[in-house]
Amino acid sequence: MLSEPRSGRLTSWGNALFSGLVSPDDAVLAIVGDDAVHRVEGLPGEPAPVGLTLALGRLRALGATGLRIALPTPGHPLGLSGPPEFNARALEAGEAVVGHGTALGLVPRVWEAGAEGDVHVEVVWHCLPVREAPPADVPSLGEAERELAEALREATEVLTRLDVAGSGPVAEAAIDAYRARAEPGRQVLAPGYPPRAVRVLELAQRVGALVSLARANGHGGAVSASEMAARGEALRPVERTARRAQVAAYNSVVEERERGVG
């Protein structure tokens, strides 16, 4: 969870575009990021893959007023609403974008090409029908913020007690390094998002960095099977909470619009 999911960039900047806050060129540039190119296949009325600019325009013409992100894992269909075919593809990819106002969703497939040292990334978004229903297990921003703070405290206490690498000063140093790698003044979310969404997403990314660090450092000081099991139990819920918070942040523009906020 050290990097922003591509579905997050598409959701965030797609929402800004649909709200008239950014130009199509700026939105596409932000969505593509360091990738070489993004294309969309399976759009109604398009027999061949098309570029993002045309695809976003077509989605809006088909009734899309916003986008939501889904970050599912096995046993946790976070942000999904069906049908099974779309859910299965999203689960395989670990992410997806679901249209609001139109029964269509997008699932990315990533391709790497080129020689070692000169690899470029191409992304094809598969457009598929989705069920127009509330997304699964998405909290409000307030709930996500409270859950993150509690989960971080609990996980840190358990990991410290087990003397697991990834807690205490080591974790703080890694998170500081993670911050340093981020571009100075980077825009966490596109224009139009409330400050609380930015705060929640930044905290979720920090929590994700802690989980990644703990997993990358093996079993740390946990020497018994029971201690290793306890460590896994501590990491699973905090990772789940961080994913839920990310989805809440990215989806907050659409959720607040539905509630008539703003």
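Atom CG in Leu80 sits 4.5 Å away from atom CG in Asn87 (nearest 0.5 Å). Expressed to the nearest 0.5 Å, how far CD of Glu4 lies from CD of Gln205 amounts to 6.5 Å. Leu21 contributes atom CG, which lies 11.5 Å from atom CG of Asp26 (distance to the nearest 0.5 angstrom). For the atom pair CZ (Arg236) and OG1 (Thr73), the distance works out to 11.5 Å, reported to the nearest 0.5 Å. The CD atom of Glu85 lies 5.5 Å from the CG atom of Leu128; values are rounded to the nearest 0.5 Å.
Side chains of Val110 and Val121 form a contact here, defined as non-hydrogen atoms less than 4.5 Å apart. A heavy-atom distance below 4.5 Å is found between the side chains of Gln246 and Leu201. Glu95 has its side chain within reach of Pro108: a pair of non-hydrogen atoms, C-beta onward, lies under 4.5 Å apart. Taking the side chain as every heavy atom from C-beta outward, Pro134 and Ser81 never approach each other to under 4.5 Å. You'll find the side chain of Glu256 stays beyond 4.5 Å of the side chain of Ser140, heavy atoms only. At a threshold of 4.5 Å between non-hydrogen side-chain atoms, the residues Leu17 and Pro24 count as touching.
Atom CD of Glu122 is surrounded by more than 12 heavy atoms from other residues, nucleotides or ligands within 6.0 Å.
No donor-acceptor pair closer than 3.5 Å links the side chain of Asp35 to the backbone N or O of Val123. Remark: side-chain polar atoms of Thr65 are paired, donor with acceptor, to backbone N or O of His100 under 3.5 angstrom. Side chain of Ser12 to backbone of Ala190: a donor-acceptor contact under 3.5 angstrom is found. Put simply, the side chain of Arg199 never gets that close to the backbone of Glu145: no donor and acceptor are under 3.5 Å apart.
Val253 and Val98 fall into different hydrophobic clusters, where Ile, Leu, Val, Met, Phe, Trp and Tyr residues are linked whenever their side-chain heavy atoms come under 4.5 Å apart, directly or through other members. With hydrophobic clusters built from ILVMFWY side chains whose heavy atoms lie under 4.5 angstrom apart, Phe18 shares a cluster with Leu104. Leu67 and Val107 end up in different hydrophobic clusters when Ile, Leu, Val, Met, Phe, Trp and Tyr side chains are linked at under 4.5 Å. Tracing side-chain contacts under 4.5 Å through hydrophobic residues (I, L, V, M, F, W, Y), one never reaches Val97 starting from Leu71; they form parts of separate clusters. Val32 and Tyr250 are members of different hydrophobic clusters when ILVMFWY side chains are connected at heavy-atom separations under 4.5 Å.
The shortest heavy-atom contact between Gly79 and Pro135 is O-CB, 3.4 Å. In plain terms, the two heavy atoms of Leu189 and Ala249 that are nearest each other are CD1-O, 4.5 Å. The shortest non-hydrogen separation linking Pro72 to Pro77 is CB-CA, 4.0 Å. Among all heavy-atom pairs drawn from Val130 and Pro83, the shortest one is CA-CD, 3.6 Å. Between Arg9 and Ile31, the closest heavy-atom pair is NE-O, 2.8 Å. In terms of heavy atoms, Leu148 sits closest to Val200 at CD1-O, 3.7 Å.
Looking at Arg68 and Glu255, a side-chain N of the basic residue comes within less than 4.0 Å of a carboxylate O on the acidic one, giving a salt bridge. Under the 4.0 Å criterion applied to side-chain N and carboxylate O atoms, Asp137 and Arg243 are not assigned as salt-bridge partners. Contact check on Arg244 versus Glu147 returns a salt bridge, with a Lys/Arg side-chain nitrogen under 4.0 Å from an Asp/Glu carboxylate oxygen.
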Chi angles and distances behind the side-chain contact (heavy atoms from CB on, under 4.5 Å) call for Leu52, Val40: CA-CA 7 Å; Leu52 272 181; Val40 179; 3.9 Å; yes
Trace of the side-chain contact (heavy atoms from CB on, under 4.5 Å) decision for His126 with Val124: CA-CA 6 Å; His126 298 274; Val124 175; 4.2 Å; yes
Pair Ser7-Leu10, side-chain contact (heavy atoms from CB on, under 4.5 Å): steps then yes or no: CA-CA 5 Å; Ser7 292; Leu10 179 54; 5.6 Å; no
Pair Trp125-Arg39, side-chain contact (heavy atoms from CB on, under 4.5 Å): steps then yes or no: CA-CA 6 Å; Trp125 295 88; Arg39 293 187 298 273; over 6 Å; no
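Inspection of the Tyr193 and Asn15 side chains reveals an N or O donor paired with an N or O acceptor under 3.5 Å.
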